[in-house]
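Inspection log for the structure reproduced underneath, given as structure tokens.
In what follows, every chain begins at residue 1, and chains take the letters A, B, ... in the order their sequences are listed.
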There are 2 protein chains.
Amino acid sequence: MEKVETSLFDGVTDEEYARMTECFKTTLKTHRKGEEVAMPPGRVGVVHRGRISLMKTDESGVRTIFEQLGEGGVFGSMLGIAGGDTGFFLIAEEDCDVLYVDYDHIMKRCPNACTYHSTIVRNLVRLMAEKTQALSEHLEVLSHRTTREKLLAYFRLLAAKTHSQYFTLPFSQTNLADYLCVDRSAMLRELAGMHRDGLVEVDRRNVKLNLHKSQG
Amino acid sequence: MEKVETSLFDGVTDEEYARMTECFKTTLKTHRKGEEVAMPPGRVGVVHRGRISLMKTDESGVRTIFEQLGEGGVFGSMLGIAGGDTGFFLIAEEDCDVLYVDYDHIMKRCPNACTYHSTIVRNLVRLMAEKTQALSEHLEVLSHRTTREKLLAYFRLLAAKTHSQYFTLPFSQTNLADYLCVDRSAMLRELAGMHRDGLVEVDRRNVKLNLHKSQG
DNA sequence: CTTTGTTTGTTGTATTTGCAACACAGGCAT
DNA sequence: ATGCCTGTGTTGCAAATACAACAAACAAAG
């Protein structure tokens, strides 16, 4: 199999990668847009191409988007996202490829003390750190009490990441409401109010944030 | 220095640990209850004894508790919790000892390919996974729209962890409100309502959750 | 014991929110 | 074109919430 360019394998030579796939039982799976992505117990998934949403639907049908996994995004029950009975699931936002690796194969001491093995583990720490960052950012957004503050916090985050007051939302407005954990109509009402106050201009997924007015 | 019993050093022999401290520049610091715990850039902190709260105060003085770090809890800017200008800080909830280790020393390839080195990195993956879990749980709680649902979600979590409908809150009610990101008085009002409905009984930090009524 | 500061508990009110219901535009396949 | 589905917008209203202000219980320190 050809070497997969994922940050999990940064610093691993092609030759090492070839030997690794034998020992690691890696699997590469393709998922169509809209399909549910499997979360096999005991395995670590790495997004190789596309985008995946980690979400949950509660008893009363309320949907929440917890995390968007871009390329390099990792998931798996062993990595802290409870899999199975907790109602979490993954949906492919676009066509995507996912690489699955056995968690134990990564974490157990390698009998032949291969150097690339520890490289993988170090890369995993880095990917986990990125995940932590994403979750912290989400928490920071949700920590605000009003819809307006949540919107501004999230918009400021996107503006900072793109170094611009113009940016594009990574999902639809409907999904944005699910990410902010607010009612969609309430969010739209608030967006209208923010537009009246000259804070933002929103057209579909395109946002212009007036930084000076929103005290950035 | 005597070996510190932290999960970061699980599987490391005393002898290895001795050699390690030389190469790793580990530092053990003690903090008094209520003190701010330093978050030095480029270092990883591990809670060895006590409890630490990771929190934030925004412009308007609203405090939010993001995470409670118990023994084994890790933090550091390299691990995804933005340090510095983002307003995050750590407060010792009790007297505590914190072990600091250079991130680079953990993550860089060891010149003398020591086996214990990779053990540390693997342990770090595990600790990061626990962090991810804690953050996900917090997100799950905050994802609920009403104060009552947030309280129930959090209480069910604690009940599940202690395998009992009786449990003790890890912080004061005031701090609980900051963790749930709701107004304290609104929370108390809701708690009174839940008590009227026979869902819970709360006395100081002691909670009894009536699982059957709260549809668990 | 007294003081000081924190935690717990209560209430009124203006504002915000969730909910439900509806209308309309755009994409997409038939 | 036609129907179907999803995303976008809007509004009324009952309910929940933030905010502010206050009182009492409790803990820690002098």
From the list A/Asn175, A/Thr57, A/Asp58, side chain to side chain donor-acceptor pair (under 3.5 Å) with A/Arg63 holds only for A/Asn175
So if I apply the side chain to side chain donor-acceptor pair (under 3.5 Å) rule between B/Asp97 and each of B/Lys29, B/His31, B/Arg49, which one comes out positive?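 Testing each of B/Lys29, B/His31, B/Arg49 against B/Asp97, the sole residue satisfying side chain to side chain donor-acceptor pair (under 3.5 Å) is B/Arg49.
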If you take all heavy atoms of B/Leu127 and B/Ser7, which pair is closest and at what distance? CD2-OG, 3.1 Å
Shortest non-hydrogen contact between B/Arg145 and A/Asp183, atoms and distance: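 Between these two residues, the closest heavy atoms are NE-N, 4.2 Å.
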What about A/Arg204, does its side chain sit under 3.5 Å from the base of C/dG26 through a donor-acceptor pair? no
Any N or O donor-acceptor pair under 3.5 Å from the base of D/dG7 to the side chain of A/Arg205?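 Between D/dG7 and A/Arg205, which were checked side chain against base, a qualifying N/O pair under 3.5 Å is absent.
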Need the bend value for the helix from C/dC1-D/dG30 to C/dT30-D/dA1: angle between end axes, 5 pairs each end, nearest 10°.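 Computed from the C1' atoms at both ends, the axes differ by 50°.
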[X] [atom1] to [N] [atom2]: how many Å, rounded?
| X | N | atom1 | atom2 | answer |
| --- | --- | --- | --- | --- |
| A/Glu149 | D/dC19 | CD | C1' | 12 Å |
| A/Lys150 | D/dA18 | NZ | P | 9 Å |
| A/Phe171 | D/dT6 | CZ | C1' | 17 Å |
| B/Arg32 | D/dA29 | CZ | C1' | 15 Å |
| B/Asp203 | D/dC26 | CG | C1' | 12 Å |
| A/Met187 | C/dC19 | CE | C1' | 16 Å |
| B/Asn175 | C/dT8 | CG | C1' | 13 Å |
| B/Arg184 | D/dT17 | CZ | C1' | 15 Å |

Protein N or O to nucleotides 12-17 of chain C N or O, pairs below 3.5 Å:
{"residue": "C/dG12", "atom": "O6", "partner": "B/Arg189", "partner atom": "NH2", "Å": "2.6"}
{"residue": "C/dT17", "atom": "OP1", "partner": "A/Thr147", "partner atom": "N", "Å": "2.4"}
{"residue": "C/dT17", "atom": "OP1", "partner": "A/Thr147", "partner atom": "OG1", "Å": "3.0"}
{"residue": "C/dT17", "atom": "OP2", "partner": "A/Glu190", "partner atom": "OE1", "Å": "3.4"}

To the nearest 0.5 Å, tell me how far B/Met78 CE sits from B/Asp104 CG.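 Separation between the atoms: 6.5 Å.
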Once you round to the nearest 0.5 Å, how far does OG1 of A/Thr132 lie from CZ of B/Phe75? 14.0 Å
Pair B/Glu137 + B/Lys161, salt bridge at N-O below 4.0 Å: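 Yes, B/Glu137 and B/Lys161 are salt-bridged.
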What I want to find out is whether A/Lys33 reaches A/Glu93 closely enough, with some N-O distance under 4.0 Å, to be called a salt bridge. no
Check whether any side-chain N or O of B/Gln173 sits under 4.0 Å from OP1 or OP2 of C/dT6, and answer yes or no. no
Using 30° and 60° as the class boundaries, would you call the ring planes of A/Phe66 and A/His138 parallel, tilted or perpendicular? perpendicular
